[in-house]
Amino acid sequence: MIVLSLEDKMFMSSEMKIDMKHLDAKLNENHIRADKNKIEKAISLYIKEITDQNELGVVPDRFLDIDSEAERKIDSYTNELLGNLTNNSSWVVLDSIRNVFCSYAFNGLHQLFTRQVNEVWHPKIVLDEILEPNDIEKLPNIITIYRGTDRE
């Protein structure tokens with residue numbers, strides 16, 4: 001039985017700002033539970049690829065549309081795993097998690113938070129710090145914000 005390590009949980013909660021209760025609740029839903037171990041194994045691999053990339057000091061070029069090595073490995077592992085999941089619901093959750101980790105691998109928390117996509121489900125991100133760079137002083141006094149989220 002694979003269970004996320006304390007280090008993995010800490011990385012996701014403190015570095016990526018993922019609400020672990022929200023993620024755990026999703027992985028324990030009846031239709032996902034059968035694949036929970038496989039998804040957790042994928043998450044651990046994703047974290048390793050990102051931390052390896054960070055330790056090497058690799059900074060992806062945000063102006064080129066080229067995936068980093070970590071993104072390529074995350075995508076490759078996900079593609080290998082998709083055929084081994086028991087149902088479509090697990091595939092949707094794994095693909096959303098893959099997207100989160102690829103975004104983080106590309107440009108850290110800024111990319112993860114500002115480039116969330118409208119998925120069927122998305123891990124809840126709890127932003128508790130100011131993202132840099134930001135151009136808040138350039139905004140008009142009144143702005144309209146549209147935000148798509150899931151019903152939770």
query = With sequence neighbours left out, what residues match Asp35 under salt bridge (Lys or Arg N to Asp or Glu O under 4.0 Å)?
reply =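 If we apply the salt bridge (Lys or Arg N to Asp or Glu O under 4.0 Å) test to Asp35, skipping adjacent residues, the hits are Lys38.
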inquiry  = Suppose we screen for salt bridge (Lys or Arg N to Asp or Glu O under 4.0 Å). Which residues come up paired with Arg72, at least two apart in sequence or across chains?
reply    =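 Scan of Arg72 (salt bridge (Lys or Arg N to Asp or Glu O under 4.0 Å), adjacent residues dropped) gives Glu69.
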Does [X] have any side chain to side chain donor-acceptor pair (under 3.5 Å) partners at least two apart in sequence or in another chain, and if so, which?
X	result
Asn87	Ser90
Glu15	none
Ser103	none
Lys17	Asp128, Glu129

query = According to the interplanar angle, ranging from 0 to 90°, do the rings of Tyr104 and Phe11 count as parallel (below 30°), tilted (30 to 60°) or perpendicular (above 60°)?
reply =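 Taking Phe11 first and then Tyr104, their aromatic rings stand perpendicular (interplane angle over 60°).
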query = Side chains of Asn99 and Asp95: donor-acceptor distance under 3.5 Å anywhere?
reply =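 No, no side-chain donor-acceptor pair sits under 3.5 Å.
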request  = Write out all pairs satisfying salt bridge (Lys or Arg N to Asp or Glu O under 4.0 Å) with one or both partners inside residues 79-88, taking only residues at least two apart or from two chains.
outcome  =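 Listed once each, the pairs would be none.
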key: Gap between atom CD1 of Ile43 and atom CG of Leu27 - 0.5 Å precision   =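 Between Leu27 CG and Ile43 CD1, I get 5.5 Å after rounding to 0.5 Å.
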query = Who else is in Val126's hydrophobic cluster (ILVMFWY, side-chain heavy atoms under 4.5 Å, direct or via others)?
reply =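 Cluster partners of Val126: none, it stands alone.
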inquiry  = Restricting to side chain to side chain contact (heavy atoms under 4.5 Å, CB included), what partner residues turn up for Asn88, sequence neighbours left out?
reply    =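 Listed in chain order: Trp91, Val92.
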ask   = Do Leu112 and Phe106 come within less than 4.5 Å of each other through their side chains, counting heavy atoms only?
value =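 When only atoms from C-beta onward are counted, Phe106 and Leu112 do not touch, as no gap falls below 4.5 Å.
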